[in-house]
Participant: 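I'd like to ask some things about the structure below.
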Amino acid sequence: MKKLTTLGILALFIAACGGGNSGNTSTKSEVVSTDATSTGNPSYDPNRGEGKFKSVDISGSLDATMAENGNKIFAIKCSS
């Protein structure tokens, strides 16, 4: 009985996994090329991922206390 159950399970497994392409011959090689998506956004944006800040102005001298606080935060969160 155990061999019959094992053989039945094996036969179901082969039947479920096999079969190949049984009549479904349609391919999805059609590519639609549009300049904009359905929302109106362009499909390629060369500035994508850039933030709103384009330039950063740094004064001639740095604030030592602010630099030390940043160093402490870096040591806790980033250096590990």
Side-chain angles (χ1 to χ4, degrees):
M1 184 68 176
K2 194 175 195 180
K3 289 181 184 181
L4 184 60
T5 304
T6 306
L7 184 62
I9 291 173
L10 183 62
L12 287 174
F13 180 74
I14 291 172
C17 293
N21 195 8
S22 61
N24 188 3
T25 59
S26 66
T27 59
K28 295 186 179 189
S29 63
E30 182 180 328
V31 176
V32 178
S33 176
T34 60
D35 290 340
T37 60
S38 62
T39 60
N41 293 329
S43 59
Y44 173 73
D45 183 10
N47 297 324
R48 184 177 186 184
E50 293 181 6
K52 62 182 178 180
F53 301 105
K54 300 296 182 190
S55 66
V56 177
D57 296 326
I58 299 176
S59 65
S61 63
L62 296 175
D63 186 9
T65 58
M66 188 179 234
E68 184 60 33
N69 289 337
N71 193 21
K72 289 177 185 176
I73 293 171
F74 171 80
I76 292 171
K77 295 185 177 184
C78 303
S79 66
S80 64

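The chain is numbered in sequence order, starting from 1.
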Participant: For the atom pair CD1 (Ile9) and CD1 (Ile14), what is the distance rounded to the nearest 0.5 Å?
Facilitator: 12.5 Å
Participant: Lys77: which residues meet the salt bridge (charged side-chain N to carboxylate O under 4.0 Å, His left out) condition with it, sequence neighbours left out?
Facilitator: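 Once residues adjacent in sequence are excluded, Lys77 has no partner under the salt bridge (charged side-chain N to carboxylate O under 4.0 Å, His left out) criterion.
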Participant: Can you pull the side-chain hydrogen bond (donor to acceptor under 3.5 Å, both in side chains) pairs that have at least one residue in residues 64-74, sequence neighbours excluded?
Facilitator: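 Qualifying pairs: Asp63-Thr65.
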Participant: Inspect the surroundings of NZ in Lys52 and state if more than 12 heavy atoms from other residues, nucleotides or ligands are less than 6.0 Å away.
Facilitator: no
